[in-house]
Amino acid sequence: MQMAVVSLQPGQTVYCEAGKFLFKTTNVTMETRLSGPSNPGGQQPQGGAGGMGGMLRQAMGTAMQVGQRALAGESLAFQYFTSTGGEGTVGFAGVLPGEMRALELDGTRAWFAEKDAFVAAESTVDFGIAFQGGRTGRSGGEGFILEKFTGRGTVIIAGAGNFIDLNPADFGGRIEVDTGCVVAFEEGIQYGVQRVGGLNRQGLMNAVFGGEGLSLATLEGNGRVILQSLTIESLANALKKAQGGDKQGPTGGLFSTHAG
């Protein structure tokens, strides 16, 4: 299980999903807010936008941000950490045994990540969501909501097991992946879902006994892709099996049941 130990310069702020904070030095202040980093402190915009209208717009904006985080499977609030009176230190971790990765955003490309991958980011990085389209997302096993990170700065993500970095361009422009193994990918990568085999004998064998169900994720283009070696469903099934409640099912494929 990895952790991220972040050094903050005076006045520098990072934020995290509630529940992923580990420790901090005493000169680092902590504040929990519903508002995102694009509206720091939920403060009133300048330039005559005050009054009841400004307050209503502010409340609606915050409500939309909270709704986005709920759709992405994240906590409703963010925790903000700011160093005061010198350099400070704060630690974060994910929730599953696995790896963490710091992604550097330069403002030219967004990053997309699976639900609940977000750990922490600089206040200059915006957190949002992206829809992959109803049919693609529902078939993908990870839901049709992805987390989206834009802006400039560092964002830290976490996943299960070990990470591997791939570029589909190095493999003919396209790779096919277990839908639960996708952690994150750069903007420019096309994400989709395809059926495992055709509606024939081998296709049915793949679906029933192959452990992948009916679909695989497809990643196409030229850009960085991060995959994880362990899926949450596999971990849950292994724990259930160890407790005498095997949820994988006799086939390990289409007819397996979800743990929990």
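Just so you know, residue 1 is the first one in the sequence shown, and it goes up from there.
Judged by distance alone, the side chains of Thr13 and Ser123 never bring a donor and an acceptor atom under 3.5 Å apart. With hydrogens and angles left out, the side-chain atoms of Thr154 and Glu104 include a donor and acceptor closer than 3.5 Å. No side-chain donor from either of Gln79 and Glu17 sits under 3.5 Å from a side-chain acceptor of the other.
Between Leu227 and the choices Val183, Leu219, Asp178, the side-chain contact (heavy atoms from CB on, under 4.5 Å) rule is met once, by Leu219.
When all heavy atoms of Leu230 and Ala160 are compared, the closest pair comes out as O-CB, 3.4 Å. Counting all heavy atoms, side chain and backbone alike, Leu103 lies closest to Arg224 at CD2-NH2, 4.1 Å. Counting all heavy atoms, side chain and backbone alike, Val119 lies closest to Met100 at CG1-CE, 3.8 Å. When all heavy atoms of Asn167 and Gly221 are compared, the pair lying nearest together is OD1-O, 3.7 Å. Nearest approach of Thr179 to Ala217, heavy atoms of both residues: CG2-N, 3.6 Å. Contact between Met1 and Leu96 at its shortest, heavy atoms only, is SD-O, 2.9 Å.
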Practice task
Show your working on side chain to side chain contact (heavy atoms under 4.5 Å, CB included) between Arg174 and Thr218 and close with a plain yes or no.
Solution key: CA-CA 7 Å; Arg174 175 187 174 103; Thr218 61; 3.2 Å; yes
Exercise for the section: Could you please spell out the steps behind the side-chain hydrogen bond (donor to acceptor under 3.5 Å, both in side chains) verdict for Glu122 and Gln12? Expected result: CA-CA 8 Å; Glu122 289 185 82; Gln12 186 178 14; 3.2 Å; yes
Exercise for the section: Would you sort out whether Tyr191 and Val225 count as a side chain to side chain contact (heavy atoms under 4.5 Å, CB included), showing the intermediate values? Expected result: CA-CA 11 Å; Tyr191 173 84; Val225 172; over 6 Å; no
Exercise for the section: Test Val6 against Ile156 for side chain to side chain contact (heavy atoms under 4.5 Å, CB included), laying out the working first. Expected result: CA-CA 10 Å; Val6 180; Ile156 301 172; 4.2 Å; yes
Practice task
Dump the intermediate steps for side chain to side chain contact (heavy atoms under 4.5 Å, CB included) on Ile157 and Ile226, then the final yes or no.
Solution key: CA-CA 10 Å; Ile157 60 172; Ile226 301 175; 4.3 Å; yes
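For Arg152 and Asp106, the salt-bridge test fails: no basic side-chain N is under 4.0 Å from an acidic carboxylate O. A salt bridge links Arg109 and Glu186; the closest N-O separation between the charged side-chain nitrogens and carboxylate oxygens is under 4.0 Å.
When the side chains of ILVMFWY residues are joined at heavy-atom separations under 4.5 Å, either directly or via intervening members, Phe23 and Leu8 end up in two distinct hydrophobic clusters. Hydrophobic clustering of Ile, Leu, Val, Met, Phe, Trp and Tyr side chains at less than 4.5 Å, counting indirect connections, unites Val5 with Leu22. Cluster membership check: Val95 does not share its hydrophobic cluster with Met3, using side-chain heavy-atom separations under 4.5 Å among Ile, Leu, Val, Met, Phe, Trp and Tyr.
The side-chain tip of Arg101 does not point at the ring of Phe163 from less than 6.0 angstrom away and within 45° of straight on.
At distances below 3.5 Å, not a single donor-acceptor pair connects side-chain atoms of Gln243 with backbone N or O atoms of Ala238. A donor-acceptor pair is defined here as one N or O able to donate and one able to accept, closer than 3.5 Å; such a pair exists between the side chain of Ser229 and the backbone of Asn162. No donor-acceptor pair under 3.5 Å is formed between the side chain of Glu99 and the backbone N or O of Gly159. Counting only distance, with no hydrogens or angles, the side chain of Lys24 and the backbone of Ser83 share no donor-acceptor pair below 3.5 Å. Proximity of a side-chain donor or acceptor of Thr84 to a complementary backbone N or O of Asn27 within less than 3.5 Å is detected.
Aromatic ring centroids of Phe112 and Phe149 lie 6.0 Å or more apart. A centroid separation of 6.0 Å or more is found between the aromatic rings of Phe92 and Tyr15.
With values rounded to the nearest 0.5 angstrom, Met30 atom CE is found 9.0 Å from Cys16 atom SG. Note: Asp165 CG to Phe185 CZ = 14.5 Å, rounded to the nearest 0.5 Å. Going from atom OG1 of Thr89 over to atom CZ of Phe81 covers 12.5 Å, rounded to the nearest 0.5 Å. Between Leu105 atom CG and Thr124 atom OG1 the span is 8.5 Å, to the nearest 0.5 Å.
Counting heavy atoms from C-beta outward, Ile189 and Pro168 have side chains that approach closer than 4.5 Å.
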